[in-house]
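Here the structure comes first, spelled out in structure tokens, and everything after it is commentary.
Each chain gets a letter, A, B and so on, in the order its sequence line appears, and its residues count up from 1. Atom set for the values below is all heavy atoms of this structure, side chains included, hydrogens, waters and symmetry mates excluded.
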Number of protein chains: 2
Amino acid sequence: MSTIEFSKRQKKIMEIVQQSEPITSEKIASMLEVTRATLRPDLAILTMSGILDARPKVGYFYSGKSQFNLFSEEVKRIKVETMMSLPIVVTEETSVYDAIVTLFLEDVGTIFVASKGYLSGVISRKDFLKSAIGGTDMNKVPVGMVMTRRPNILTIGLKDSVLDAAIKILDHEVDSLPVVEREIVEGKEQLKIIGRISKSNVTKLFVELCKA
Amino acid sequence: MSTIEFSKRQKKIMEIVQQSEPITSEKIASMLEVTRATLRPDLAILTMSGILDARPKVGYFYSGKSQFNLFSEEVKRIKVETMMSLPIVVTEETSVYDAIVTLFLEDVGTIFVASKGYLSGVISRKDFLKSAIGGTDMNKVPVGMVMTRRPNILTIGLKDSVLDAAIKILDHEVDSLPVVEREIVEGKEQLKIIGRISKSNVTKLFVELCKA
């Protein structure tokens with residue numbers, strides 16, 4: 001895949017076809033006062049890039065494809081596993097105070113909570129701040145009491161796309177998602193915590209794509 | 001600008017040129033067992049997209065341009081002003097408690113602090129949490145005492161690119177930047193607060209580009 005900067009004439013052709021579709025190459029050539037031979041490479045480029053559709057004996061149509069259309073196909077293939085960070089995990093018994101210290105030491109926005117090795121909850125800076133102004137005794141209360149608990153947790157899989165993760169993050173107004181693998185343990189679905197994907201990871205991908 | 005999915009033959013041509021540059025179209029044609037006329041549209045596409053360079057009487061060279069190269073040129077033109085959100089601003093005298101309440105009501109991660117109408121500081125969820133566990137009397141202490149103060153604040157301009165904002169956010173590990181306009185007041189540079197750009201805005205742009 002690659003990208004093309006269109007010439008002035010190619011942009012003019014797009015306009016003409018958009019306004020007068022279907023239109024033959026003869027007509028386009030006469031409107032631009034050039035020969036059909038001159039137009040041939042331009043029309044080839046525009047047809048191959050999907051901007052124009054050509055139908056034999058009818059003429060050219062404007063397909064209206066967006067400029068980022070095919071780029072996005074490529075980006076959609078970038079998987080969570082290639083961009084995720086390490087998860088920071090505490091147990092349900094950890095005090096709110098100790099969990100906040102962990103949050104600062106690891107410099108993350110969200111901590112995952114595990115019970116018997118599997119995901120049981122999620123707690124963010126916002127949750128901690130809420131319990132702080134709510135007058136919670138942070139040294140006594142365990143995170144298990146203030147966290148968001150399963151099943152009210154959004155998760156994402158290793159093989160899901162970063163785009164899907166980004167959409168989930170935005171739609172549900174969270175900062176990050178636990179990356180999990182599903183396991184059946186004694187007939188019950190459990191979530192193994194594999195990683196963490198956040199707005200920072202998406203921002204990093206955005207910068208990498210632009211710098212590439 | 002648009003994007004192109006290359007055909008098998010075009011990919012094969014890229015490989016051949018990469019291995020044997022400079023190479024003439026005759027040689028490429030004979031290696032692929034097709035006529036030069038057949039190759040002409042392929043070579044036109046590859047040259048126009050910047051993948052190949054053609055030098056008269058010498059042949060084709062591989063330019064080695066990255067696939068996202070030209071895409072990024074387009075994205076770099078997207079300005080902060082098109083993606084930013086409204087800034088949430090309090091005065092220096094506001095109590096930490098009231099500022100936290102504002103943070104929750106407005107559902108933002110960072111609040112800007114103004115003095116005489118101009119930016120004087122920035123305070124994030126992380127800063128609030130730090131002062132909460134530090135035992136600050138949140139009803140008495142004003143945000144002016146716990147905020148990050150100018151000149152230790154990163155800012156960005158309306159006409160800067162979202163990419164530059166994203167790089168600043170990542171490099172300095174902050175969640176958002178105040179969007180400002182510089183004004184000279186009584187011989188001193190002051191910053192008028194115009195907006196806010198965060199990892200959420202960058203994530204939103206990423207999703208929009210992919211969905212386009």
Side-chain angles (χ1 to χ4, degrees), chain A residues 1-7 10 40-41 44-46 48-51 65-76 96-97 100-101 103-104 107 109 124-126 128-133 138 161-163 166-167 169-170 173 175 198-200 202-212, chain B residues 1-7 10 40-41 44-46 48-51 65-76 96-97 100-101 103-104 107 109 124-126 128-133 138 161-163 166-167 169-170 173 175 198-200 202-212:
Chain A
M1 199 197 82
S2 186
T3 52
I4 283 186
E5 196 74 40
F6 289 114
S7 69
Q10 286 160 0
R40 210 165 291 136
I45 294 272
L46 290 170
M48 291 187 71
S49 64
I51 304 280
K65 270 201 188 164
S66 148
Q67 55 188 23
F68 292 119
N69 229 344
L70 291 165
F71 165 80
S72 75
E73 292 306 312
E74 199 81 357
V75 174
K76 276 174 199 161
V96 169
Y97 185 88
I100 294 176
V101 170
L103 187 106
F104 275 101
D107 200 20
S124 69
R125 270 185 209 146
K126 208 165 141 183
F128 281 126
L129 199 54
K130 211 180 280 173
S131 80
I133 62 163
M138 293 186 282
S161 69
V162 174
L163 175 62
I167 292 170
I169 285 172
L170 289 178
E173 300 181 348
D175 284 326
S198 65
K199 286 178 198 165
S200 300
V202 178
T203 302
K204 228 168 268 173
L205 175 59
F206 174 81
V207 170
E208 276 175 24
L209 291 175
C210 287
K211 280 185 166 174
Chain B
M1 199 198 81
S2 186
T3 51
I4 282 186
E5 198 73 40
F6 289 115
S7 69
Q10 287 159 359
R40 210 166 288 137
I45 293 273
L46 291 170
M48 292 187 73
S49 64
I51 305 279
K65 272 197 185 168
S66 146
Q67 56 188 22
F68 293 120
N69 228 345
L70 291 164
F71 164 79
S72 75
E73 292 307 312
E74 199 80 355
V75 173
K76 276 175 198 159
V96 168
Y97 184 89
I100 294 176
V101 171
L103 187 106
F104 275 101
D107 200 22
S124 68
R125 267 184 210 148
K126 208 167 141 182
F128 282 126
L129 199 53
K130 211 180 283 177
S131 79
I133 61 162
M138 293 186 283
S161 69
V162 174
L163 175 61
I167 292 171
I169 285 172
L170 289 178
E173 299 181 348
D175 283 326
S198 65
K199 286 178 199 164
S200 301
V202 178
T203 302
K204 228 169 268 173
L205 176 58
F206 174 82
V207 170
E208 277 176 23
L209 291 175
C210 288
K211 280 184 166 174

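Of the listed residues B:Ser198, B:Ala132, B:Ala166, the one with more heavy-atom pairs under 4.5 angstrom with chain A than any other is B:Ala166. The candidate from B:Val96, B:Ile133, B:Val101, B:Leu103 with the greatest count of non-hydrogen atom pairs under 4.5 Å with chain A is B:Ile133. Most heavy-atom pairs under 4.5 Å with chain A: of the set B:Leu46, B:Thr203, B:Ile167, B:Asp175, this distinction falls to B:Thr203. The candidate with the highest count of non-hydrogen atom pairs below 4.5 Å against chain A, out of B:Lys126, B:Lys204, B:Met138, is B:Lys126.
For a residue to count as touching a neighbouring chain, one of its non-hydrogen atoms must lie under 4.5 Å from one of that chain's; by this rule B:Leu170 touches chain A with the side chain only. Using a 4.5 Å cut-off between heavy atoms, A:Ile100 contacts chain B through its side chain alone, with no backbone atom that close. With a 4.5 Å cut-off on non-hydrogen atoms, B:Leu205 touches chain A through its side chain but not through its backbone.
Not counting sequence neighbours, B:Ala44 has no partner by the side chain to side chain contact (heavy atoms under 4.5 Å, CB included) test. In this view, A:Ile169 and A:Val174, A:Leu177, A:Lys199 satisfy the side chain to side chain contact (heavy atoms under 4.5 Å, CB included) rule, not counting sequence neighbours.
Here the side chains of A:Val75 and B:Leu209 are not in contact, with every heavy-atom distance at 4.5 Å or above. A 4.5 Å side-chain heavy-atom check between A:Leu129 and B:Phe104 finds at least one atom pair inside the cut-off.
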